[in-house]
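What follows is a set of notes on a single structure, which appears directly below.
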Amino acid sequence: MDIFADFSARIAKALKGLFPDAQNIDTLLQRATVEPPREASHGDISSNVAMVCAKALNTNPRDLAASLKEVLSSDQDIKSIDIAGPGFLNFKLADHVWHKVLAALLEAPDDFGRSNGGSGEKVNVEFVSTNPTGPMHVGHTRGAVFGDALASLLQFSGYDVTREYYINDAGAQVNVLAQSAYLRYRQAHGEKNVEIPAGLYPGKYLIPVGEALASEFGDALLDKPEAEWLPLVKPRVLSAMMDLIRHDLSLLGVTHDKFFSESELHKEKMQGENSIIAQTLESLREAGLVYQGTLEPPKGKAPEDWEDREQTLFRAKKFGDDTDRPLIKSNGDYTYFAADIAYHRDKFLRGFNDQIIVLGADHSGYTKRLQAAVKAVSEGKASIDVKICQIVRLMRDGKPFKMSKRSGDLVTVSDVVGEVGRDAVRFMLLFRRNEATMDFDFAKVKEQTRENPVFYVQYAHARANSISRTASKDMPDLDISEAALQRANIALLTTESEVEVLQMLAQWPRLVGAAPRAHEPHRIAFYLYDLAGVFHGFWSKGKLDPSLRFVNREQPELTKARLAMVGAVKQVLALGLGVLGVSAPDELS
RNA sequence: GGCCCCGUAGCUCAGCUGGAUAGAGCAACGGACUUCUAAUCCGUAGGUCGCACGUUCGAAUCGUGCCGGGGUCGCCA
């Protein structure tokens, strides 16, 4: 039950009643807003309809507002309407409106705010997609958490979401990986003077892979030429790396529905049949989007090895990219981008007109060509929203954290999760807009104080639970079962503090409806912080004024009503934390 | 040099796709509380929303141009 959507409909109806002959009202109303005003003194709901629609209806905002006020003031749910400023309509609502919201919440707690805004539409969210050459390091964490939370958010809102991971297992670096693993294999056979040369992957995580190869193949690979051992080693090391990555993802609580392998795009499916990439390029060719030509060298930093060469290009510029893009390397292989076009065509052919991809800041330059590719392969039917996660700076006590890259031992996901815990990592990374850079301070994230938003929100949930425990201890005869609280006389909740909490709860449906449309999970985190704030605030008032305590022996009915409200707060916190993939503990350790 | 992101209180950041006198936490200042329900509470002060034009009833938000910080720039993925 979204009261803002509800009143938006009432206003629309009133407007149509006033102008039965106007045809364009629905389009006009798209620009109108019905929202909680920033300033509490402006009422509970505020709308700019009169200002937005006046001109087209041949009137002026204040007159239109006055007419609307007259029609709407007969509504029993509206306590008063003020016309303010240039023509705002400010509504004060009757308390029973908030009670109805609470009742709806108590009746279907798990579905509160769960809209059908997505109406089952298929969305593909591609995220993480790190190269399968080692365990995940911190740099990938933000994208992983963001993508996962965004996917959950969309699901909450009724989208049919597929979480997808693109495995870059076709490029040259996977061969390098296999070579590195092969050297570890030789070491596993006791060859002491085998060194991992520069340019290969020196990480220790390949040692067990080498050992596994040794126990599987014995010494059979030692004397074979690379052309023979490579096809044996490569799939095994790749699968071992994906196991590592999946393990790291599981530490973060991230799961994917589909892992798509780049090498599938290069394969000739059947004898003589073209690969998916070849087919894709063929269809682009037919559409006149591929040509032979030359590119301008990049300006500003004239590279010495620039070779003005004719190559096969995709007309990305036609779809808004800055330049056309090469499809075939000088050695005849497809470029990474060529495969990626084929991949996104595949997504489109699988029914995803609505695509999202989460990338790190270092790939932000890739955005336009990707959008161009999706437009081209779908003939404009599909689009992709590229969400860039900005850099995270690791800090310790306010000082930047030095990472040594040389040894191949970067700070990994498991290091971070191991030190601060999954909940803190996830919440902190989501407590910021994705396009803003952020500092991640280990010390601060572990603090158990008000300054730590993870703690603050989880504590609110635990406190809600603790209040119920106190109630059953202090008032053992009171029936506070879920069923009993559903029947509680919530009309007793009329103090300012109570209404404030109820109003906050009433915003959840609106928020969790808008955040997925904007692809912005951070809004959930900020909302939870605010909700926790009003809830903690209420609790504190009870310290000074015993009449505001949740549990009140003299007033069992009021206690029940308040416990129903506390349960509702707990529920919304749990729903929100659930969307973020953060646990909602009943007790804090 | 091109492109992308950022610039809002001393600090860290929100600002709900154009709304009203721009918000929160921390820090600062002034009080309250001494454990009554679990990790204090209330108040005060603090702003040229980087700068300048423009769009309109109305701009932190949209457009253009600058300034500053970060990222990135054919045949790496």
Side-chain angles (χ1 to χ4, degrees), chain A residues 31 33 35-39 41-42 46-48 51-52 54-55 60-61 84-88 90 129-131 133 168 170-174 262 294-303 305-309 311 313 321-333 335-337 339-340 360-368 386 388 390-391 431-439 441 444 447-451 453 455-456 459 462-463 466-467 469-471 474 507 510-511 514-515 517-518 520 522-523 526-527 529-530 533 536-537 539-544 546 549-551 587-588:
Chain A
R31 286 173 45 226
T33 58
E35 56 190 11
R38 249 203 285 264
E39 185 79 27
S41 65
H42 291 150
S46 165
S47 178
N48 64 359
M51 279 131 65
V52 169
K55 199 182 266 181
N60 68 68
F88 286 102
N90 292 333
S129 298
T130 61
N131 291 338
T133 55
N168 299 137
Q173 89 287 353
V174 222
E262 182 189 355
T294 55
L295 288 176
E296 307 242 320
K299 282 175 187 150
K301 60 159 221 181
D305 58 347
W306 179 266
E307 181 193 350
D308 197 20
R309 181 172 73 78
Q311 47 190 339
L313 298 168
D321 199 358
D322 304 314
T323 176
D324 292 337
R325 302 290 175 180
L327 296 168
I328 296 175
K329 300 186 204 172
S330 54
N331 68 2
D333 290 347
T335 58
Y336 177 81
F337 182 53
D340 219 11
D362 52 342
H363 288 72
S364 62
Y366 205 62
T367 303
K368 287 186 185 175
V386 183
I388 302 294
Q390 284 294 336
I391 292 168
F431 198 61
R432 178 128 319 173
R433 276 165 36 245
N434 60 288
E435 58 268 342
T437 57
M438 71 180 292
D439 293 344
D441 195 311
K444 280 194 184 156
E447 271 175 23
Q448 300 226 329
T449 66
R450 199 202 144 98
E451 292 169 52
F455 169 77
Y456 193 65
Y459 178 40
R463 175 172 268 175
S466 142
I467 289 165
R469 274 204 308 270
T470 309
D474 284 9
Q507 289 198 39
R510 192 178 105 85
L511 180 97
R517 280 196 295 277
E520 291 184 347
H522 76 271
R523 292 194 201 178
F526 281 97
Y527 169 79
Y529 186 71
D530 289 342
H536 286 310
W539 189 92
S540 306
K541 282 184 189 131
K543 268 193 147 174
L544 298 171
R549 295 194 182 178
F550 296 109
V551 179
E587 276 178 73
L588 293 177

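Each chain gets a letter, A, B and so on, in the order its sequence line appears, and its residues count up from 1.
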Taking any heavy-atom pair under 4.0 Å as a contact, classify [X]: base, sugar-phosphate, or nothing.
X: A:Glu296; value: nothing
X: A:Arg549; value: base
X: A:Ser540; value: sugar-phosphate
X: A:Ser466; value: base
X: A:Pro453; value: nothing
X: A:Asn131; value: sugar-phosphate
X: A:Ile328; value: nothing
X: A:His363; value: base

[atom1]-based separation of [M] from [N] [nearest Å]:
N: B:A22; M: B:A60; atom1: C1'; answer: 8 Å
N: B:G15; M: B:U61; atom1: P; answer: 14 Å
N: B:G68; M: B:G31; atom1: P; answer: 46 Å
N: B:C62; M: B:C4; atom1: P; answer: 14 Å
N: B:G18; M: B:G58; atom1: C1'; answer: 8 Å
N: B:C6; M: B:A14; atom1: C1'; answer: 15 Å
N: B:A59; M: B:G63; atom1: P; answer: 16 Å
N: B:C33; M: B:A20; atom1: P; answer: 39 Å

With a 4.5 Å heavy-atom cut-off, do A:His363 and A:Val386 have their side chains touching?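 Of all side-chain heavy-atom pairs linking A:Val386 with A:His363, none is under 4.5 Å.
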
Just need the stems in RNA chain B: three or more back-to-back Watson-Crick or G-U pairs, each with both distances under 3.5 angstrom, sorted by first number.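 The stems that RNA chain B takes part in, listed by first number, are B:1-7 with B:67-73, B:10-13 with B:23-26, B:28-32 with B:40-44, B:50-54 with B:62-66.
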
When you check every protein heavy atom under 4.0 Å of nucleotides 20-28 of chain B, what one-letter string (B, S, -) results, 5' to 3'? B--S-SS--

First encountered from the 5' end of RNA chain B, between A:Arg309 and A:Arg469: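 Mapping each residue to its closest nucleotide by heavy atoms, the 5'-most match is A:Arg469.
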
How long is the line joining CG of A:Asn331 and C1' of B:G74, in whole Å?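 Nearest whole value for this atom pair: 14 Å.
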
